[in-house]
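Here the structure comes first, spelled out in structure tokens, and everything after it is commentary.
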Amino acid sequence: MAKKLLSFFLAAVLYFGTYMDVYALEPVLGDPFMERVKIRCTCYLDTGITASGVYTRQGIIAGKKEWMGCVAILWTIDGEYIGIYEVLDTGAGIDTDHDGKGDSIKTGNSIDVWMPDMESAKEWVKKYGDYVYFMLYKAEG
């Protein structure tokens, strides 16, 4: 299964090469993401410069600081392929420890998918829900 998934991912990278130059791929080492991981997924609408220095746009997610520069493949809970995203932003996330400050992104317990407007964010939640499966890959390019 992992070989089929990697083959699919590499084919997708080659296909989308004009949109995202990826020269070297390898699973994130030292992380438990050698297979799909279920994670809380919310949307954010902030426009401007991401933590990586690029402007917000479709295809960007905010994740744990250590994941910056990685590529994430997302699937629905039912296993439907959603897409390939770049982790180019960070954030606080949801307040899971009830101290009044967001922490779920910082701790790696959630990700945020960038959306251009509230309508798009509502459509995302309606279509995919609050959780997705994802897998991280290191990428250069």
Side-chain angles (χ1 to χ4, degrees), residues 1-99 101-141:
M1 170 94 172
K3 287 183 181 180
K4 286 182 182 179
L5 180 62
L6 185 56
S7 296
F8 173 77
F9 178 71
L10 292 175
V13 167
L14 290 174
Y15 177 77
F16 291 107
T18 57
Y19 302 105
M20 177 174 56
D21 295 327
V22 179
Y23 299 108
L25 299 171
E26 62 182 77
V28 175
L29 303 175
D31 282 348
F33 303 141
M34 298 303 288
E35 56 187 72
R36 295 181 194 187
V37 174
K38 184 177 178 181
I39 193 165
R40 179 80 185 261
C41 182
T42 56
C43 299
Y44 75 111
L45 309 176
D46 293 342
T47 57
I49 304 290
T50 64
S52 68
V54 303
Y55 283 99
T56 52
R57 60 167 168 74
Q58 289 293 134
I60 289 179
I61 62 174
K64 189 175 179 179
K65 183 179 176 182
E66 291 79 12
W67 300 342
M68 288 281 292
C70 290
V71 173
I73 304 174
L74 303 183
W75 296 269
T76 66
I77 294 302
D78 296 332
E80 174 189 342
Y81 172 75
I82 296 172
I84 299 172
Y85 293 79
E86 295 176 279
V87 184
L88 296 177
D89 211 352
T90 59
I94 301 163
D95 180 12
T96 58
D97 60 5
H98 310 291
D99 67 354
K101 300 175 185 174
D103 61 350
S104 63
I105 291 176
K106 291 178 182 179
T107 59
N109 292 313
S110 74
I111 58 173
D112 265 352
V113 176
W114 184 84
M115 291 289 150
D117 52 50
M118 185 59 78
E119 181 69 26
S120 300
K122 287 178 181 179
E123 288 176 20
W124 170 276
V125 172
K126 184 177 179 181
K127 185 172 183 178
Y128 302 121
D130 293 331
Y131 287 87
V132 297
Y133 282 108
F134 87 127
M135 190 170 188
L136 288 173
Y137 289 87
K138 286 189 177 181
E140 293 178 20

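Going from atom CG of Leu136 over to atom CD1 of Ile73 covers 9.5 Å, rounded to the nearest 0.5 Å. With values rounded to the nearest 0.5 angstrom, Cys43 atom SG is found 9.0 Å from Met118 atom CE. The distance from the OG1 atom of Thr56 to the CG atom of Leu45 is 10.0 Å, given to the nearest 0.5 Å. Between atom CG of residue Leu88 and atom CE of residue Met68 there is a gap of 6.0 Å, rounded to the nearest 0.5 Å. Rounding to the nearest 0.5 Å places CD1 of Ile77 at 5.0 Å from OH of Tyr133. Expressed to the nearest 0.5 Å, how far CZ of Arg36 lies from CZ of Phe134 amounts to 13.0 Å.
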| side chain to side chain contact (heavy atoms under 4.5 Å, CB included) assessment of Ile111 paired with Val132 | CA-CA 9 Å; Ile111 58 173; Val132 297; 4.3 Å; yes

| field | Residue pair Val113, Ile82: steps toward the side chain to side chain contact (heavy atoms under 4.5 Å, CB included) verdict | value | CA-CA 12 Å; Val113 176; Ile82 296 172; over 6 Å; no

| query | Which is it for Glu80 and Trp75 under the side chain to side chain contact (heavy atoms under 4.5 Å, CB included) test, yes or no, and what are the steps along the way? | reply | CA-CA 5 Å; Glu80 174 189 342; Trp75 296 269; over 6 Å; no

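Judged purely by distance below 3.5 Å, without hydrogens or angles, the side chains of Thr76 and Asp78 never pair a donor atom with an acceptor atom.
For Ala51 against Thr90, the heavy-atom pair with the smallest separation is CB-OG1, 3.7 Å. Taking all atoms of both residues into account, the shortest heavy-atom contact from Pro116 to Gln58 is CD-OE1, 3.0 Å. The two atoms that bring Ile61 and Ala72 nearest to each other are CD1-CB, 3.8 Å, heavy atoms only.
Within the structure, the side-chain hydrogen bond (donor to acceptor under 3.5 Å, both in side chains) test picks out the following pairs touching residues 40-55 (sequence neighbours left out): Thr42-Asp112, Tyr44-Asp89, Thr50-Ser52.
Residues Glu86 and Arg57 are paired through a salt bridge, judged by an N-O separation under 4.0 Å between the basic side chain and the carboxylate.
Legend: residues meeting ring-ring contact (aromatic ring centres under 6.0 Å, His included) with Tyr128, ordered by chain and number and at least two apart, are Trp124. With sequence neighbours excluded, the residues forming a side chain to side chain donor-acceptor pair (under 3.5 Å) with Ser104 are Ser110, listed by chain and number.
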